[in-house]
Amino acid sequence: GAGDFRLVADLVDLGADIFASHEQFRRINAITPELLKVKAQVLSRIEYFNDGKIAYVDITPAELKEYADKHDPADLVMYEMQRTDGVEVAVAMRNYGGESKKIKVSTRANMPVAAAACSEFGGGGHDRAAGCQFNDQPLSDAKHKFITVLTQKIKDYEKANAHQAA
């Protein structure tokens, strides 16, 4: 809120160089051209559910094998998925091959349903960032089950908080 802006103003008054800070932030978060291509590939596969409130993407076994030690392919796209207009929840399913899949969920501040959805599948975490795992299920089954539960959690949350939106 406003306190954040006052804090930044105080830091500038004390001599902080916001341009240098921004440049340092950009360098810390820079990715290689190779990872930018991976990011583009993954972003091109995003699917939307629940009237665009859920953005979902599969991370392939090949992507995990080749890039996970450099940068988690799911982390390359989660922020972009969340920033998409209308998206409340970003979901990345890491497919490790065979029947092992791990789901990563990240929500916007106004949709704290991540832990509730993941707990249905033995996972957990926080209201806005959580995960769970599917074993011994084909990708399409795990995806369908998770999206169904997540959609219901979103609807339940919206119904319970409808008075706040009015």
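If you're wondering where the values come from, they're calculated on a predicted model, not measured in any experiment.
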Using side-chain contact (heavy atoms from CB on, under 4.5 Å), reason through Phe49 and Leu150 one step at a time and then give a plain yes or no. CA-CA 10 Å; Phe49 299 93; Leu150 180 58; over 6 Å; no
List the steps and the verdict of salt bridge (charged side-chain N to carboxylate O under 4.0 Å, His left out) for Glu23 and Arg26. CA-CA 5 Å; Glu23 183 59 24; Arg26 190 192 67 74; 2.7 Å; yes
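Listed for the Asp17 side chain is a donor-acceptor partner under 3.5 Å among the backbone atoms of Phe19. When atom types are taken as modelled, the side chain of Glu88 and the backbone of Arg108 share no donor-acceptor pair closer than 3.5 angstrom. Looking only at distances, a side-chain donor or acceptor of Lys101 sits under 3.5 Å from a matching main-chain atom of Gln137.
Nearest approach of Cys118 to Cys132, heavy atoms of both residues: O-CB, 3.7 Å. Residues Lys153 and Ala116 share a closest heavy-atom pair of CE-O, 3.6 Å. Across all their heavy atoms, Ala92 and Met78 have their closest contact at CB-SD, 3.7 Å. Residue Pro61 comes nearest to Gly97 through the heavy atom pair CG-N, 3.6 Å, listed as atom of the first residue, atom of the second, then distance. Nearest heavy-atom pair across Met81 and Ala55 is CE-O, 3.1 Å. Minimum interatomic distance between Val57 and Val42 (heavy atoms only, all atoms of both residues): CG2-O, 3.4 Å.
Hydrophobic clustering (side-chain heavy atoms under 4.5 Å, transitive across Ile, Leu, Val, Met, Phe, Trp, Tyr) keeps Leu139 apart from Tyr96. Tyr56 and Val87 fall into different hydrophobic clusters, defined by Ile, Leu, Val, Met, Phe, Trp and Tyr side-chain heavy atoms under 4.5 Å apart, directly or through other members.
In this structure, CG in Asn135 is found 9.0 Å from NZ in Lys102, a value given to the nearest 0.5 Å. Here the straight-line distance linking atom CG of Leu76 with atom NE2 of His71 works out to 5.0 Å at 0.5 Å rounding. Rounding to the nearest 0.5 angstrom, the gap separating the CD1 atom in Ile46 from the CG atom in Asp58 is 11.0 Å. Atoms CD1 and CZ, on Ile18 and Phe25 in that order, are 14.0 Å from each other to the nearest 0.5 Å.
Under the 4.0 Å criterion applied to side-chain N and carboxylate O atoms, Glu34 and Lys37 are not assigned as salt-bridge partners. Salt bridge annotation for Arg94-Asp72: present, with a cationic side-chain nitrogen under 4.0 angstrom from a carboxylate oxygen. A salt bridge links Arg83 with Glu80: the distance from a Lys NZ or Arg NE/NH1/NH2 to an Asp or Glu carboxylate oxygen falls below 4.0 Å.
By the 4.5 Å heavy-atom criterion applied to side chains, Ile103 and Phe121 are not counted as neighbours. Contact check for Phe146 versus Phe134: side-chain heavy atoms found under the 4.5 Å cut-off. Residues Lys53 and Glu158 are in side-chain contact: their nearest non-hydrogen atoms beyond the backbone lie under 4.5 Å apart. Using a 4.5 Å cut-off on side-chain heavy atoms (C-beta onward), Lys145 and Val149 make no contact. A heavy-atom distance below 4.5 Å is not found between the side chains of Thr107 and Asp127. Put simply, the side chain of Ile59 reaches to within 4.5 Å of the side chain of Leu64, judged on heavy atoms.
For the pairing with Glu63, the salt bridge (Lys or Arg N to Asp or Glu O under 4.0 Å) check across Lys39, Lys70, Arg45 returns one residue only, Arg45.
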